[in-house]
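Inspection log for the structure reproduced underneath, given as structure tokens.
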Amino acid sequence: MSHEIALFAKNFWKKNSAMIENLVIVESPAKAKTIEKFLGKNFQVKSSFGHIRDLKKKDSGIDIANNFKPSYEVQADKKKVVTELKKLAKEASTVWLASDEDREGEAIAWHLKEALKLDPSKTKRIVFHEITKDAIMHAVEHPKDIDQDLVNAQQARRILDRIVGFEVSPILWKKVKPSLSAGRVQSVTVKLIVEREREIQAFKSESNFRVIGHFTLVDENGKEQTIKAELDTRFKNEKAVQKFLEECRQSTYSIENVVKKPGKRSPAAPFTTSTLQQEASRKLGYSVSQTMAIAQRLYEAGFITYMRTDSVNLSKLALNAAKAEITSMAGAKYVKTRNYSTKSKGAQEAHEAIRPSYMDKHEIEGGNQEQRLYELIWKRAVASQMADAELEKTTATIKVSGSKQKFVASGEVITFDGFLRLYIESTDDEGETTQNGNESLLPPLEVGQALGSQSIVATERFSQRPPRYTEASLVRKLEELGIGRPSTYAPTISTIQNREYVVKEDRDGVERTYKEYSLADGEIASATKTEITGAEKKKLFPPDIGIVVNDFLDEHFKDIMDYNFTANIEVEFDNIASGKLQWTSALQDFYKDFQPAVEETVKNAERQVGERVLGTDPKSGKPLSVRLGRFGPIAQIGTQDDEEKPTFASLLKGQSIETITLEEALELFKLPRTLGDFEDKTVVIGIGRFGPYIRHNSKFVSIPKGEDPMEITLEEAIEKIKAKRIQEELNKLKTFEEEPELQILKGRFGPYISYKKKNYKIAKGTDPLSLSLEDCRKIIEETPEKPKRGGARKKKS
DNA sequence: CAGTGAGCGAGCTTCCGCTTGACTT
């Protein structure tokens with residue numbers, strides 16, 4: 001009976017699937033779902049999940065001698081999709097290749113045709129720019145052929161990237177450290193960070209004095225008002241400040257001039273991948289990969305359009321929907337339909353800007369993060385179609401009698417809010433905002449009007465060093481330079497952090513003093529004040545390995561490390577796409593300079609460890625140097641050639657071989673430090689990866705932050721050791737007499753079993769006290785061996 | 001999960017762009 005049902009189902013399926021006349025293949029499954037709704041029953045829409053084939057992993061996949069002949073293979077994780085598509089394509093009467101219209105999309109269509117062995121007579125290539133019924137039907141009525149020139153441009157891109165990555169990386173393994181990587185995109189990305197760090201280190205801050213006056217006047221209602229104004233001159237030194245304030249003691253103040261100017265502000269374009277990442281970082285504090293993961297969920301739920309795009313364009317449908325929405329929300333005078341155009345280099349614009357699927361959906365149901373990101377996308381898209389904000393700017397100059405200098409007060413009033421009603425774009429302002437930034441309304445002022453002086457304060461201000469990059473501001477820079485694509489910004493930033501070329505860190509600021517002079521009630525006073533400067537949050541820093549690799553590549557591969565390299569070859573790829581250039585000659589052109597550089601470097605480049613000799617150790621008279629060791633940056637006293645072995649010390653977190661001083665390096669050698677004996681075993685203070693520690697009887701006790709490891713006495717150390725013992729005793733939940741090595745302990749994440757220095761987790765819901773020795777042994781038995789750390793990196797497929 | 005910092009030298013690492021889940025802790 002069940003057999004009969006199965007047979008029936010099989011036949012039914014066969015019959016039904018044979019009925020599908022048309023197979024449409026798109027790149028994304030979410031898109032497939034949407035499109036299927038627009039097309040009739042005769043269409044089945046499937047997804048390729050992006051590229052299905054790639055260059056062979058082994059032996060580079062390119063036969064360079066044979067005119068760069070590529071060998072492709074179906075990627076391991078795409079075998080299933082390809083098999084399924086092959087089967088469906090066989091059954092269909094027509095296969096429609098509907099991947100994106102850009103270089104990569106064209107290549108996907110071509111690879112599909114090749115890998116699925118599609119019959120040319122029943123294969124059609126279509127593209128559409130909007131996911132609407134009209135657009136799709138129009139595309140179906142106007143099929144094209146696969147554009148082989150565009151495909152060749154993609155092949156050239158792909159092959160060049162493989163050649164760069166797979167020929168340069170192995171050089172790094174030999175000359176610097178195993179498992180490192182280099183590539184057209186990642187290596188210049190790191191360079192941006194390294195160069196910025198050097199600019200910051202070289203930066204010499206200069207100071208001057210900014211003068212702010214507070215003036216009073218009585219308005220028409222008899223009420224006293226104050227206005228704040230900044231002097232048009234910044235003084236270079238204290239003498240000039242004193243001289244000016246001295247003059248001011250006798251001065252009177254009056255309005256010399258009042259200028260009113262209308263102004264306007266326009267909304268920003270709707271989001272692209274890059275601007276979404278920037279705003280989500282500034283407004284919501286998300287990392288770029290976080291933003292992309294949340295956006296992906298919104299896309300899959302059908303709330304937003306595609307999130308990997310470099311286009312600021314909105315579909316007609318969206319423009320109309322926005323117009324209707326704004327009209328019903330705020331009225332027709334808030335509407336202004338705008339078409340934005342892309343200004344970033346190398347944009348391919350296969351998609352729309354990122355926008356809500358439905359403009360009238362103000363909020364969505366779902367997680368908190370999804371809701372917040374959606375709100376941002378909705379506001380930005382709608383605001384982009386709203387009227388300019390209109391404002392009136394007032395600038396008043398204040399004359400100081402007996403002085404050349406003038407004060408300037410400015411105010412701003414919004415006379416029509418326009419798009420500001422909905423959305424204000426954030427900026428990456430570093431440090432101080434200008435006092436004039438908080439513009440507000442000025443009271444009515446008349447030329448010649450006399451003002452009273454409440455106070456004049458001159459504050460020492462320092463010039464700002466260049467800002468360190470955040471993930472998001474780095475993405476903006478990459479986009480500006482045309483390096484990388486929307487789909488790779490987040491992965492690239494993860495890669496350079498995984499390689500430890502770059503770390504994202506917080507840094508404490510340092511205290512700085514500044515002078516302040518003030519004049520109030522005819523008295524001049526001065527004060528020295530302090531402020532915290534240079535504190536950083538989630539900023540990108542280059543550790544030593546990043547610097548060493550960068551310098552090595554910069555020295556030997558100047559062409560690839562040029563910021564314009566990508567932009568220049570993109571021109572060539574465009575020429576291939578338009579049929580003006582053979583793709584193989586573009587590659588030959590590149591390779592004729594690249595290959596000698598590879599050979600030269602392999603042969604002649606010295607091993608690079610970033611060594612710097614800082615000076616001599618006063619105790620031994622031997623040279624003290626810093627360099628990259630096998631486990632990270634180290635300081636070393638003496639050399640390998642000495643009869644006595646050199647002594648070593650690891651650099652601390654935050655220290656760099658590039659900036660460490662001799663004094664700081666000498667400090668490192670003061671640890672480990674032996675305090676004395678306790679219970680016949682020595683007590684040693686040291687410093688490790690997790691900070692300073694006390695070691696006794698091969699046990700470690702951490703020294704809490706804020707306590708100086710140089711100051712700890714033997715007595716204090718013994719106390720900490722005893723305290724730790726008590727804590728350990730308290731953590732023991734259960735022990736077994738017949739097996740003292742096996743214990744049930746209480747840890748940070750709950751109870752666990754400890755046996756022979758290894759830990760085993762106890763399943764949730766189990767009462768740890770109820771476990772018998774046999775139970776514990778069973779758990780240990782059944783726990784799989786952990787993969788060894790440090791070997792192969794975590795990888796997909 | 002902490003102190004090392006050479007070395008017998010097997011066999012491995014690596015790119016960019018297009019797309020989503022499937023794995024454990």
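Chain letters run A, B, ... following the sequence lines, proteins first, then strands; residues in each count from 1.
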Mind checking [X] for me? I need base, sugar-phosphate or nothing, with any heavy atom below 4.0 Å counting as a touch.
| X | value |
| --- | --- |
| Gln186(A) | sugar-phosphate |
| Ala182(A) | sugar-phosphate |
| Val185(A) | sugar-phosphate |
| Tyr489(A) | nothing |
| Pro29(A) | sugar-phosphate |
| Gly484(A) | sugar-phosphate |
| Gly183(A) | sugar-phosphate |

Let me know the distance between [atom1] of [X] and [atom2] of [N], rounded to the nearest Å.
| X | N | atom1 | atom2 | value |
| --- | --- | --- | --- | --- |
| Leu628(A) | dT4(B) | CG | P | 17 Å |
| Phe631(A) | dA2(B) | CZ | P | 11 Å |
| Asp102(A) | dC18(B) | CG | C1' | 9 Å |
| Arg158(A) | dC15(B) | CZ | C1' | 6 Å |
| Tyr306(A) | dT20(B) | OH | C1' | 10 Å |
| His51(A) | dC16(B) | NE2 | C1' | 9 Å |
| Lys31(A) | dT20(B) | NZ | C1' | 15 Å |
| Glu300(A) | dT20(B) | CD | P | 6 Å |

Any donor-acceptor pair under 3.5 Å linking the side-chain atoms of [Y] with those of [X]?
| X | Y | value |
| --- | --- | --- |
| Thr495(A) | Asn498(A) | no |
| Tyr563(A) | Glu480(A) | no |
| Gln497(A) | Glu471(A) | yes |
| Tyr591(A) | Glu167(A) | yes |

Looking at [X], does any N or O in its side chain come under 4.0 Å of the phosphate oxygens OP1/OP2 on [N]?
| X | N | answer |
| --- | --- | --- |
| Gln296(A) | dT20(B) | yes |
| Arg499(A) | dT13(B) | no |
| Tyr693(A) | dC1(B) | no |
| Ser487(A) | dC18(B) | yes |
| Ser650(A) | dG5(B) | no |
| Arg308(A) | dT20(B) | yes |
| Thr488(A) | dG17(B) | yes |

Checklist entry - Has Phe166(A) got its ring stacked on the base of dC15(B), with centres under 5.5 Å and planes less than 30° apart? => result no
Checklist outcome for this item: Here the gap from Gln155(A) atom CD to Leu160(A) atom CG, rounded to the nearest 0.5 Å, amounts to 13.0 Å
Next on the checklist: I need the Tyr72(A) OH to Arg158(A) CZ distance, nearest 0.5 Å.
Outcome noted: 8.5 Å
Next on the checklist: Go nucleotide by nucleotide along DNA chain B from the 5' end; which of Arg627(A) and Thr566(A) gets its closest nucleotide reached first?
Outcome noted: Arg627(A)
Next on the checklist: If you assign Asp100(A) and Ser187(A) each to the DNA chain B nucleotide with the nearest heavy atom, which residue ends up on the more 5' nucleotide?
Outcome noted: Ser187(A)
Can you find a donor-acceptor N/O pair under 3.5 angstrom joining the side chain of [X] to the base of [N]?
| X | N | answer |
| --- | --- | --- |
| Arg157(A) | dC16(B) | yes |
| Ser181(A) | dT14(B) | no |
| Arg485(A) | dG17(B) | no |

Report the nucleotide, chosen from [options], that has the shortest atom-to-atom distance to any side-chain atom of [X].
| X | options | value |
| --- | --- | --- |
| Arg184(A) | dT14(B), dT20(B), dC16(B) | dC16(B) |
| Ser179(A) | dT13(B), dT20(B), dT19(B) | dT13(B) |
| His351(A) | dT19(B), dG5(B), dC15(B) | dT19(B) |
| Phe648(A) | dG3(B), dA6(B), dT14(B) | dA6(B) |

Next on the checklist: Here's a test for you: under side-chain hydrogen bond (donor to acceptor under 3.5 Å, both in side chains), which of Arg125(A), Gln148(A), Gln154(A) qualifies with Glu106(A)?
Outcome noted: Arg125(A)
Next on the checklist: Taking only the C1' atom of each, what is the distance from dG9(B) to dT13(B) in whole angstrom?
Outcome noted: 16 Å
